[in-house]
Amino acid sequence: MAMLEGKTALIFGVANDHSIAWGIAQALHREGAQLGFSYAGPTLEKRVRPLAESLGADFIEQCDVGSDEEIAAVMAKAKERFGTVDILVHAIAFANREDLQGRFVDTSRDGFLLAHNISVFSLVGLTRAALPLFPESGGSVLTLSYYGAEKVAPRYNVMGVAKAALEASVRYLAADLGPQGVRVNAISAGPIRTLAASGISGFRAYQKSFAAQAPLRRNVTIDDVGATAAFLASDGARGITGETVYVDSGFNIMAMSSEEE
Ligand code: NAD
Ligand code: 0WE
């Protein structure tokens, strides 16, 4: 095993131990990677620091991805601490809560731009800033998407449009960076009860009907996503780039809900 021995990963998006980024961090650590963490703002540090330290990490730096300066600063610190970074994990999204209810047609200009800035441009900005840190041998960039990018998911609204742009950004980044051996992929995860999902009205019902319709008849976990992330970051996935890989119990292959319970 130990698919990631000798590799270094920078992980953006841990808020707590329910975060998808945390499932990914644990899986990368299990496979032997050295980890660095970044969190959004001061109030999250007390959550993230003990989690990071439990995996032997000492690189724990703030970066609000809405700021070019903070992106540049965290990458400069990572260069100083690690020299090179092999794996970049982007597990960040944000939209105004009021834009995740009601109708998409009512999205404001500011709400639209905010969702795209934090959830999509941040992947481009972080990837560009990380380019000088990838070794000659290449690297792996991973981000998180959702099925609402492809089909209309009730109330996902502006986030669905942002995820469509995120998946397209993965393809364009993969085309740009392929020649230097940097692979860029997305994982499209099924609904998971994280901080970002809490407070979404009807999320429990969403998960229930998801599990009932999905071939595997269960919801996915942050460990399921972590296992796929570790694979995609590893040499075993050396021929995969620009792809969106579903970790969704097979939900996306179904045309209709199951006839039986
Ligand atoms: P989460 O709340 O644990 O993680 C979201 C992270 O985004 C948090 O750590 C938050 O601090 C960070 N963030 C928000 N604004 C930021 C900013 N300005 N600067 C830096 N960081 C910022 O929730 P999660 O569900 O683990 O979300 C991670 C990713 O997974 C997101 O891209 C989300 O869209 C995606 N995703 C989630 C699900 C789900 O059902 N939970 C399904 C598919 C995809
Ligand atoms: O990508 C997501 C969630 C992203 C998200 C969540 C929030 C909640 C709190 C982005 N911004 C915010 N802003 C907040 O203020 N998911 C895939 C989980 C999710 O969110 C939904 C879903 C699913 C699934 C929203 C509506 C409908 C389904």
Side-chain angles (χ1 to χ4, degrees), residues 11-25 37-45 47-48 51-52 61-71 74 89-104 111 114-123 125-126 142-167 169-170 186-211 219-222 224-226 228-229 244-249 251-252:
I11 300 176
F12 291 77
V14 176
N16 58 37
D17 62 348
H18 298 284
S19 294
I20 293 176
W22 177 241
I24 294 173
F37 289 85
S38 179
Y39 55 90
T43 56
L44 281 171
E45 184 179 358
R47 283 266 157 67
V48 177
L51 290 172
E61 297 291 340
Q62 178 177 312
C63 177
D64 177 340
V65 297
S67 158
D68 289 336
E69 291 72 29
E70 291 195 27
I71 290 176
V74 75
V89 176
H90 171 276
I92 292 172
F94 191 78
N96 287 325
R97 190 176 290 270
E98 68 257 32
D99 289 332
L100 299 175
Q101 51 203 10
R103 306 188 305 170
F104 171 67
L114 174 70
H116 285 72
N117 184 23
I118 302 304
S119 315
V120 190
F121 178 76
S122 63
L123 175 70
L126 284 175
L142 292 175
T143 187
L144 272 302
S145 192
Y146 181 62
Y147 191 48
E150 259 191 74
K151 303 287 179 192
V152 173
R155 300 186 303 279
Y156 198 57
N157 296 357
V158 72
M159 273 309 309
V161 176
K163 291 302 191 189
L166 182 75
E167 292 181 10
S169 299
V170 163
I187 292 173
S188 183
I192 302 176
R193 199 156 190 83
T194 62
L195 190 62
S198 72
I200 302 294
S201 66
F203 193 79
R204 209 173 283 274
Y206 219 98
Q207 277 197 310
K208 198 171 175 227
S209 85
F210 183 96
N219 282 288
V220 297
T221 67
I222 62 172
D224 295 333
V225 177
T228 297
T244 298
V245 176
Y246 283 96
V247 178
D248 70 343
S249 300
F251 182 88
N252 76 92

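Numbering of ligands and ligand atoms starts at 1, following listing order. Worth saying up front: this structure is predicted, and the values here are computed from it rather than measured.
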Consider side chain to side chain contact (heavy atoms under 4.5 Å, CB included). Of Val247, Val14, Leu144, which one does Ile20 pass it with?
Leu144

Please state which option from Leu123, Val65, Thr143 has its nearest heavy atom closest to atom 19 (N) of ligand 1.
Val65

Val14: numbered ligand 1 atoms lying under 4.0 Å from its heavy atoms:
9 (O)

Could you go through the side-chain contact (heavy atoms from CB on, under 4.5 Å) check for Leu123 and Val170 one step at a time?
CA-CA 9 Å; Leu123 175 70; Val170 163; 4.0 Å; yes

Is Ser145 touching ligand 1 with its side chain, its backbone, both, or neither, if touching means heavy atoms under 4.0 Å apart?
backbone

May I ask you to check if ligand 1 and Phe94 share an N or O to N or O distance below 3.5 Å?
no

For the 3.5 Å polar cut-off, considering only N or O atoms, please tell me whether Asp64 and ligand 1 meet it.
yes

Residue pair Val48 / Leu51, side-chain heavy-atom distance below 4.5 Å:
no

Within the structure provided, determine whether Arg193 and His18 are in side-chain contact (heavy-atom separation under 4.5 Å).
no

What are the atoms of ligand 1, with element, lying closer than 4.0 Å to any heavy atom of Pro191?
40 (O)

Mind checking whether Leu44 contacts ligand 1 via backbone (N, CA, C, O), side chain (CB onward), both or neither, at a 4.0 Å heavy-atom cut-off?
side chain

Using a 4.0 Å heavy-atom cut-off, which part of Ile118 comes near ligand 1: side chain, backbone, both, or neither?
side chain

Residues in ring-ring contact (aromatic ring centres under 6.0 Å, His included) contact with Tyr147, at least two apart in sequence or another chain
Phe251

Would you check the N or O atoms of Ala21, main chain and side chain alike, for any that come under 3.5 Å of an N or O of ligand 1?
no

Grab the two heavy atoms, one from Ser119 and one from Ser122, that are nearest each other, plus how far apart they are.
C-OG, 4.0 Å

Donor-acceptor pairs under 3.5 Å, side chain of residues 201-208 to any protein atom, not counting sequence neighbours: which ones?
unit_1: Gln207; atom_1: NE2; unit_2: Pro191; atom_2: O; d: 2.9

Can you establish whether the number of heavy atoms outside Arg47 located under 6.0 Å from its atom CZ is more than 12?
no

Taking both backbone and side-chain atoms of Lys163, is any N or O found less than 3.5 Å from an N or O belonging to ligand 1?
yes

If you measure from atom 5 (C) of ligand 1 to every heavy atom of Ser198, Ala189, Ala91, which option wins on shortest distance?
Ala91

Any side-chain to backbone donor/acceptor pair from Glu61 onto Val74? Under 3.5 Å, distance only.
no

Sequence-distant partners of Ala229, side chain to side chain contact (heavy atoms under 4.5 Å, CB included), two or more places apart
Ile24, Leu142, Ile187

Provide the number and element of each atom of ligand 1 under 4.0 Å from a heavy atom of Tyr146.
42 (C), 43 (C)

Ignoring angles and geometry beyond distance, decide whether Thr194 reaches within less than 3.5 Å of ligand 1 through its nitrogen or oxygen atoms.
yes

Check for a donor-acceptor pair, side chain of Asn96 on one end and backbone N or O of Glu98 on the other, with a separation under 3.5 Å.
no

Is atom 10 (C) of ligand 1 in close reach of the protein, with a heavy atom under 4.0 Å away?
no

Distance under 4.0 Å to a non-hydrogen atom of Gly190: what atoms of ligand 1 satisfy this?
40 (O), 42 (C)

So if I count the atoms of ligand 1 from 1 in the order they appear, which ones are less than 4.0 Å from some heavy atom of Ile20?
25 (O), 26 (O), 30 (O), 36 (N), 37 (C), 38 (C)

Identify, chain by chain and in numerical order, each protein residue with a heavy atom under 4.0 Å from an atom of ligand 2.
Phe94, Ala95, Arg97, Leu100, Tyr146, Pro154, Arg155, Tyr156, Ala196, Ile200, Phe203, Tyr206

Using side-chain heavy atoms (C-beta onward) and a distance below 4.5 Å, is Trp22 in contact with Asn16?
no

Sub-3.5 Å donor-acceptor pair from the side chain of Ser67 to the main-chain atoms of Glu69, do we have one?
yes

Which of the atoms in ligand 1, numbered in the order shown and given with their element, are less than 4.0 Å from a heavy-atom of Ser19?
1 (P), 3 (O), 26 (O)

State whether the shortest distance between N or O atoms of Gly13 and N or O atoms of ligand 1 falls below 3.5 angstrom.
yes

Any heavy atom of Cys63 under 4.0 Å from ligand 1? The part involved is backbone

Are any of the N/O atoms in Ile92 less than 3.5 Å from those in ligand 1?
yes

Assess the residue pair Asn219 and Ser249 against the criterion (side-chain contact (heavy atoms from CB on, under 4.5 Å)); give the C-alpha distance rounded to whole Å, side-chain angles, the decisive distance to 0.1 Å, and a yes or no.
CA-CA 7 Å; Asn219 282 288; Ser249 300; 6.0 Å; no

Considering Ile222, Val220, Ile192, which one's heavy-atom position lies nearest to atom 40 (O) of ligand 1?
Ile192

Would Met159 and Asp99 count as a side-chain contact (heavy atoms from CB on, under 4.5 Å) here? Give the steps.
CA-CA 8 Å; Met159 273 309 309; Asp99 289 332; over 6 Å; no

